[in-house]
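One structure below.
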Amino acid sequence: MTASQTHSPAIVLPTSDAKFGDYQANGIMAAAKRAKTNPRELAGNVLAALDLTDLAEKVEIAGPGFINVTLSDRFLADHLSRAADDDRLDVAVAADPQNVVVDYSGPNLAKEMHVGHLRSTIIGDAIANVLEFLGNRVFRQNHVGDWGTQFGMLIAYMDRQVDCGQDATAELADLEVFYRQAKQLFDSDADFARSARENVVKLQGGDESCLRRWRQFLDQSMSHCEGIYHRLGVSLQRSDMRGESAYNDDLPAVVADLKAAGLLTESDGAQCVFLPEFTGHNDSPLPLIVQKTDGGYLYATTDLAAIRYRVRHLKADRIIYTTDAGQALHFKQVFAVARKAGFVGNATSLEHVPFGVMLDAEGRRFRTRQGGTVKLMELLDEAERRAADVVAEKNPDLPDQTKRRIAHAVGIGAVKYADLSMDRISDYKFSWDKMLALQGNTAPYMQYAYARVRSIFRKGAEDAGQLLGEPISLADPAERELAKLIARLEETLATVAAECRPNFLTAYLFALATAFSNFYETCPVLNAPPPLRASRLRLCDLTACVIKKGLELLGIEVVEKM
RNA sequence: GCGCCCGUAGCUCAAUUGGAUAGAGCAGUGGCCUUCUAAGCCGCAGGUUACAGGUUCGAGCCCUGUCGGGCGUACCA
């Protein structure tokens with residue numbers, strides 16, 4: 001009532017301190033100011049108009065005008081019962097689902113994937129998963145680099161291989177070597193360089209034999225990416241790949257549209273869009289170049305074409321770009337031009353979701369000792385190797401196959417979790433020791449918490465399904481704290497989706513796992529007397545389900561034992 | 001030069017966008033395994049949130065300035 005009168009949001013959040021109850025409403029003070037009334041008085045009026053008897057045990061006014069709410073155990077227990085009986089864990093499907101495009105990963109198919117692709121791939125996938133789970137229609141778009149001059153060179157090198165009687169397909173298996181050798185030849189052999197350049201012209205001209213070899217190369221390269229995605233537990237499929245070349249035919253139309261809209265200016269022979277809000281050196285106008293002097297197009301043009309496609313054909317309500325922060329200006333320009341040109345209306349939101357760079361322990365850019373880029377495949381090998389060492393040390397008696405499975409889940413999970421648990425925008429220091437640490441906000445800690453729950457069920461030979469009707473008791477503070485956190489999944493996911501901030505989910509899961517550990521220490525489960533035993537088993541099962549679901553949305557596996 | 005981002009405990013990072021006494025992990029220090037996985041749990045100690053002003057009931061968060069770092073700034077992506 002008050003909120004609607006003053007247009008002030010209620011701002012209900014978990015309390016900053018347990019002594020204030022479970023949730024606090026922070027909006028009263030601001031509302032009172034706007035309405036020029038006393039905040040505590042206003043809080044009193046709100047309370048009088050509010051009926052929280054269904055969910056609250058206690059509601060009180062505190063401090064300058066906070067409203068503190070203590071949930072009733074009954075309300076919490078009811079919620080938990082619903083969650084336990086629901087594979088969505090009582091998280092509602094969006095009432096107004098959106099068509100959301102998430103543009104992420106986007107490797108260059110001319111080369112092997114390297115660590116530079118890791119953050120976009122992991123963060124974008126987590127965001128896509130969460131949005132999808134909340135009921136939105138998600139279009140994962142892998143805007144791969146599958147076009148450009150380097151492909152002329154690669155095709156020329158394929159030809160050279162075949163001429164030498166070698167099987168080009170086998171050679172392609174190591175994309176990095178293939179690229180390096182092609183580049184070397186391009187730089188040293190004038191004949192080769194000429195045929196490479198001719199190939200570019202042929203490709204653009206639609207030469208069928210050239211296109212066939214180009215597709216053959218792409219097929220190999222895409223298989224390599226799929227291998228990485230599969231190993232990483234990333235949901236991207238080949239059908240999500242819609243590379244730059246997919247927009248080739250649209251590029252002239254994009255430029256024509258810009259011209260028709262009166263936005264196009266020729267400058268130094270290039271076709272540009274100048275918008276007054278963008279300036280460069282010495283306040284000189286800064287163009288968005290959409291066509292080079294030689295007639296070629298740039299990634300701004302492709303991005304504009306992609307926006308057009310996503311709005312027209314995918315009916316996007318929201319388009320999310322997960323790229324490094326260095327591209328902020330590019331996207332600002334592209335978004336502004338897309339709106340001016342009418343490619344996208346006000347109903348569609350365009351969001352650049354930036355992230356910082358990966359640094360090594362010394363705070364330098366993450367590179368190999370020789371200064372080259374680190375191959376993603378090799379990074380993942382090392383992750384699993386290091387995880388395997390830890391598993392072997394902690395749990396030498398497990399069967400080898402189990403150890404391997406744990407090493408995979410823990411190693412890959414550690415790399416992903418470390419990335420996802422940081423605030424995206426800051427650069428982050430990559431540290432094997434920290435991400436594989438068994439304490440703190442890490443994947444192994446989460447996975448361990450899960451394995452401990454599962455162990456209880458194994459030991460008790462219990463089936464969670466049999467517990468459905470059993471009442472949940474929250475008498476112990478550790479039980480209640482755990483229940484409260486379990487009930488917080490939905491609001492957490494909503495925030496992650498709204499802000500594109502996976503680290504809110506990891507922080508939530510860490511709090512949940514910590515609460516569980518506490519519960520685990522203080523509340524015996526299997527040895528508890530009958531009604532309590534079932535109640536605690538239900539809390540255990542719910543904890544496991546939430547951890548599993550949360551990690552699954554982050555693309556991280558759980559294991560039954562570790 | 002201009003623009004964007006960042007600066008929080010010795011170290012690595014949080015802080016749900018303006019809420020109450022700034023939180024974790026590591027490192028330091030003291031406890032807890034005859035009972036469900038100790039890869040765990042519970043204490044203690046550690047802070048002028050780079051600095052200086054400002055806005056207001058309230059600022060790590062907003063505004064102005066300064067210092068320090070990163071990135072970007074016309075035909076790469």
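On a predicted model such as this, the values are computed, not experimentally measured, just so you know. The sequence lines fix the lettering, A, B, ..., with proteins before strands; numbering per chain opens at 1. All values below were derived from every heavy atom in this structure, side-chain atoms included, with hydrogens, water molecules and symmetry-related copies excluded.
By the 6.0 Å and 45° rule, A:Arg452 does not stack over the aromatic ring of A:Phe516. Figure legend: A:Arg119 and A:Tyr428 shown without cation-pi pairing, the cationic atom not lying both under 6.0 angstrom from the six-membered ring centre and within 45 degrees of its axis.
Applying the salt bridge (Lys or Arg N to Asp or Glu O under 4.0 Å) test to every pair with at least one member in residues 493-506 of chain A, sequence neighbours left out, gives these pairs: A:Asp423-A:Arg501.
When the options A:Tyr104, A:Phe335, A:Phe355 are evaluated for a ring-ring contact (aromatic ring centres under 6.0 Å, His included) with A:Tyr321, the one that passes is A:Phe335.
Rounded to whole angstrom, the span from the NZ atom of A:Lys332 across to the C1' atom of B:U73 amounts to 12 Å. Taking atom CG of residue A:Asn503 and atom C1' of nucleotide B:U17, one finds them 13 Å apart after rounding to whole Å. Rounded to whole Å, atom P of B:A14 lies 15 Å from atom CD of A:Glu499. Taking atom CG of A:Leu509 as the reference point, atom P of B:A14 lies 16 Å away to the nearest angstrom. In this structure, A:Tyr299 atom OH and B:A74 atom P are separated by 12 Å, rounded to whole Å.
Put simply, CD1 on A:Ile320 and CD on A:Gln141 are 12.5 Å apart, with the number rounded to the nearest 0.5 Å.
Residue contacts for A:Ser426: at a heavy-atom cut-off of 4.0 Å it reaches the sugar-phosphate backbone alone, with no base atom in range. Here A:Ala32 lies out of heavy-atom contact (under 4.0 Å) with every strand.
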For nucleotides 31-37 of chain B, which of its nitrogen or oxygen atoms have a protein nitrogen or oxygen under 3.5 Å away, and what is each distance?
from, atom 1, to, atom 2, distance (Å)
B:C36, O2, A:Val525, N, 3.4
B:C36, O2, A:Leu526, N, 3.1
B:C36, N3, A:Val525, N, 3.0
B:C36, N4, A:Tyr520, O, 2.5
B:C36, N4, A:Cys523, O, 3.0
B:U37, OP1, A:Ser455, OG, 2.3
B:U37, OP2, A:Ser455, OG, 3.1
B:U37, O5', A:Tyr520, OH, 3.4
B:U37, O2', A:Tyr448, OH, 2.5
B:U37, N3, A:Met562, O, 3.0
B:U37, O4, A:Met562, N, 3.3

Distances under 3.5 Å between nitrogen or oxygen atoms of protein and nucleotides 54-63 of chain B:
from, atom 1, to, atom 2, distance (Å)
B:U56, O3', A:Lys33, NZ, 2.9

Polar pairs (N or O, both sides) under 3.5 Å between protein and nucleotides 42-48 of chain B?
from, atom 1, to, atom 2, distance (Å)
B:C42, OP1, A:Asn518, ND2, 3.2

Name the pairs: protein N/O against N/O of nucleotides 25-27 of chain B, kept only if under 3.5 Å.
none

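Base pairing in RNA chain B gives the following stems of 3 or more Watson-Crick or G-U pairs, range against range and under 3.5 Å: B:1-7 with B:67-73, B:10-13 with B:23-26, B:28-32 with B:40-44, B:50-54 with B:62-66.
As rounded to the nearest Å, B:G28 and B:G46 have C1' atoms that lie 9 Å from one another. For the P atoms, the distance linking B:G3 with B:G53 amounts to 25 Å, nearest Å. A gap of 11 Å separates the P atoms of B:C4 and B:G65, to the nearest Å. The C1' atoms of B:U49 and B:G60 are separated by 5 Å, rounded to the nearest whole Å. Between B:A52 and B:A38, the two P atoms lie 48 Å apart (nearest whole Å).
Look at A:Phe20 and the base of B:A20; the rings stack, centres closer than 5.5 Å and planes less than 30° apart.
Contact check for A:Gln333 versus A:Val273: no side-chain heavy atoms found under the 4.5 Å cut-off. Looking only at side-chain heavy atoms (C-beta outward), A:Leu537 and A:Glu470 stay at 4.5 Å or farther from each other.
Out of B:G70, B:U16, B:A74, the shortest distance to the side chain of A:His281 is found at B:A74. Comparing B:U16, B:A74, B:A20 by their nearest atom to the side chain of A:Ser16 picks out B:A20. Comparing atom distances between the A:Arg501 side chain and each of B:G19, B:G40, B:U17 picks out B:U17 as nearest.
The aromatic rings of A:Trp214 and A:Trp147 sit perpendicular, their planes meeting at an angle over 60°, well past the 30° parallel limit.
A donor-acceptor pair under 3.5 Å is formed between the side chain of A:Thr506 and the backbone N or O of A:Asn503.
Base orientation for B:C4: anti, the chi torsion being more than 90° from 0.
OP1 or OP2 of B:C41 has at least one side-chain nitrogen or oxygen of A:Ser517 nearer than 4.0 Å.
Aromatic rings from A:Tyr247 and A:His143 are positioned such that their centres are separated by under 6.0 Å.
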